[in-house]
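What follows is one structure encoded as C-alpha cells, with my remarks underneath.
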There are 2 protein chains.
Amino acid sequence: MIPAKNNYQFEDMLDKHQLKKTAPRLRVLSMMYSKNTATSQPDLENVMHDIDRVTLYRILNVFEEKGIIHKVFDLDGTANYAVCHSDCEAHHHHDEHVHFNCTVCKNVYCLNELSLPSITLPAGFRPESFTLYASGLCPKCDKKNSAK
Amino acid sequence: MIPAKNNYQFEDMLDKHQLKKTAPRLRVLSMMYSKNTATSQPDLENVMHDIDRVTLYRILNVFEEKGIIHKVFDLDGTANYAVCHSDCEAHHHHDEHVHFNCTVCKNVYCLNELSLPSITLPAGFRPESFTLYASGLCPKCDKKNSAK
DNA sequence: ATATAAATGCAACAATATTTCATTTAGAAT
DNA sequence: ATTCTAAATGAAATATTGTTGCATTTATAT
C-alpha cells in the first residue's frame with residue numbers, strides 16, 4: 001500500500017521533477033494518491049469538470065515521462081494511470097509487478113507487493129520488462145457476489 | 001507454432017461457428033494464420049484496400065466473440081488480434097500465455113508454448129485469467145541490432 | 001515588481017470506434 | 001435451378017478519443 005501524502009509532499013514531488021506547482025497538477029496528484037486503483041482520463045474528467053480535457057491529457061503525459069505514474073491498459077484497452085512506488089521514480093520504470101483488472105467494477109489494482117516469478121522465453125527473445133496481468137473478481141466485487 | 005491451414009480448413013472453422021463463408025472473412029483468416037505475430041486492424045486495412053474498414057472491424061469483433069481470435073493490446077494501446085490455438089475455441093478464452101511485444105518492430109508474438117508459473121495473489125482476489133506481458137527485442141530485431 | 005518560460009484553456013484537427021441503413025449475398029427451402 | 005430470408009457488406013454519418021497550435025494566464029527566478 002502506498003502511504004498517504006499531504007499537499008506539501010505533492011509540491012515536493014513536482015519540485016523534484018522541475019514541474020511548476022499548479023493547481024491542476026496538485027489536484028490530479030492528490031486524487032491519484034487517494035485511491036488504491038489506477039485512474040483513467042475519463043475518471044479525472046468526471047471529477048474535475050473545471051479542468052480542460054487537454055490539460056489533463058498533458059498532465060498525465062508529463063507525469064508519465066517523469067516517472068511519477070505509469071500507464072496500464074485495462075481489458076477494454078483504455079489507458080489507466082497508477083502512481084509508481086518509490087523505486088521507479090527514475091526515467092526507467094520498474095513496474096515489474098502484477099496488475100489486476102476486475103471484470104465487474106473494471107478497476108485496475110497495482111499489486112506492488114508481489115514480485116514476478118522468473119520465466120524463460122524461447123531462444124532469441126531479449127526481454128527488458130515484464131508485467132503480469134490478472135483479471136477476475138476483486139475483493140469488493142467478490143464479496144458482493146457471494147453475499148447474494 | 002500454429003500449423004498452416006488451407007482454405008477448406010478456414011471454411012470449416014467458419015462453419016463450426018455458424019458464420020457464413022464470405023470472401024472477406026476467409027481472407028482475414030488466411031492472413032492471420034500466415035503470420036506468427038498478432039495483427040492489428042490497420043495491418044489488415046493496409047493489405048486489403050478493397051474491404052471496408054467497418055467490415056474488418058466487424059469481422060474482428062465476431063471472430064473474437066466466437067473465440068477464433070483473441071485481443072491483445074500492444075505497448076501503444078492499439079488492439080492486436082492473434083489466432084487462438086486449439087483449446088480456446090470455446091466461449092471462454094484460455095489465453096493464459098505469454099505475449100511478447102518488440103519495442104523496435106512493434107510486433108506482438110504469442111508464445112503459446114510457454115506456460116505461466118503459478119502465482120498467488122493477495123487475499124480476496126479471485127483471478128480468472130492470467131497473461132504475462134514481456135517487452136524488449138524480438139529475435140529478428142535483436143539480430144539486426146547486434147550485427148551493427 | 002517585473003520578466004520570462006512554462007502551463008493552461010480553447011479551438012481546431014486527426015484518428016478511431018460505433019451506429020444506421022440500403023444493398024448484396026450465402027445458404028436454406030422449394 | 002429458383003426463390004426466399006436472414007446475415008453480411010459497404011457507405012455515410014456520428015461519437016469518442018488522441019493530438020497540435022496558439023493566445024492568455026500563471027509560477028517562479030531575477
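Numbers restart at 1 for each chain; the letters A, B, ... are given by sequence-line order, proteins then strands. Values below: all heavy atoms of this structure, side chains included; hydrogens, waters and symmetry mates excluded.
Two residues are said to be in side-chain contact when any heavy atoms from C-beta on lie closer than 4.5 Å; Thr78(B) and Pro42(B) fail this criterion. Counting only heavy atoms from C-beta outward, the side chains of Asp50(A) and Arg27(A) approach each other to under 4.5 Å. The side-chain heavy atoms of Asn7(B) and Glu11(B), taken from C-beta on, include a pair separated by under 4.5 Å. Side-chain contact between Lys71(B) and Leu60(B) is absent, with no heavy-atom pair separated by less than 4.5 Å. Side-chain atoms of Lys16(B) and Lys66(B), non-hydrogen and from C-beta on, never get closer than 4.5 Å to each other. Residues His17(B) and Glu65(B) have side chains not in contact (no heavy-atom distance under 4.5 Å, counting atoms from C-beta outward).
In this structure, the CG atom of Asp43(B) is 12 Å from the P atom of dT16(C), given to the nearest Å. Rounded to an integer number of Å, the gap from CD of Glu65(A) to C1' of dA6(C) is 14 Å. With rounding to whole Å, His17(B) atom NE2 is found 16 Å from dG27(C) atom P. Rounded to an integer number of Å, the gap from CG of Leu19(B) to P of dA8(D) is 6 Å. Between the C1' atom of dG18(D) and the CD atom of Glu45(A) lies a distance of 11 Å, rounded to the nearest Å. Distance, Phe73(B) CZ to dG18(D) C1': 15 Å, rounded to whole Å. Atom CZ of Arg25(A) and atom C1' of dG9(C) are 14 Å apart (whole Å). Taking atom CG of Asn80(A) as the reference point, atom C1' of dG18(D) lies 16 Å away to the nearest angstrom.
Positionally, the nearest nucleotide of DNA chain C for Gln18(A) lies more toward the 5' end than for the other of Gln18(A) and Pro42(B). When each of Thr78(A) and Lys20(A) is assigned the nucleotide of DNA chain D with its nearest heavy atom, Thr78(A) is the one assigned upstream, toward the 5' end. Map Thr22(B) and Gln41(B) each onto its nearest nucleotide of DNA chain C; the residue landing nearer the 5' end is Gln41(B). Checking Lys21(A) against Ala23(B), the closest nucleotide of DNA chain D that is more toward the 5' end is the one next to Ala23(B).
With hydrogens and angles ignored, the 3.5 Å screen pairs no side-chain donor or acceptor of Glu64(A) with any backbone N or O of Asn61(A). In this structure, His49(B) contributes its side chain and Asn46(B) its backbone to a donor-acceptor pair below 3.5 Å.
Across all strands, Pro24(A) comes closer than 4.0 Å only to sugar-phosphate atoms, never to a base (heavy-atom distances).
One axis for each end of the helix from dA1(C)-dT30(D) to dT30(C)-dA1(D), each built from five base pairs, and the angle between them comes to 30° at 10° resolution.
Residues Ser135(B) and Ser129(A) have side chains that bring a donor and an acceptor to within less than 3.5 angstrom of each other.
Taken residue by residue, residues 47-60 of chain B places heavy atoms nearer than 4.0 Å to DNA chain C at Arg53(B), Val54(B), Tyr57(B), Arg58(B).
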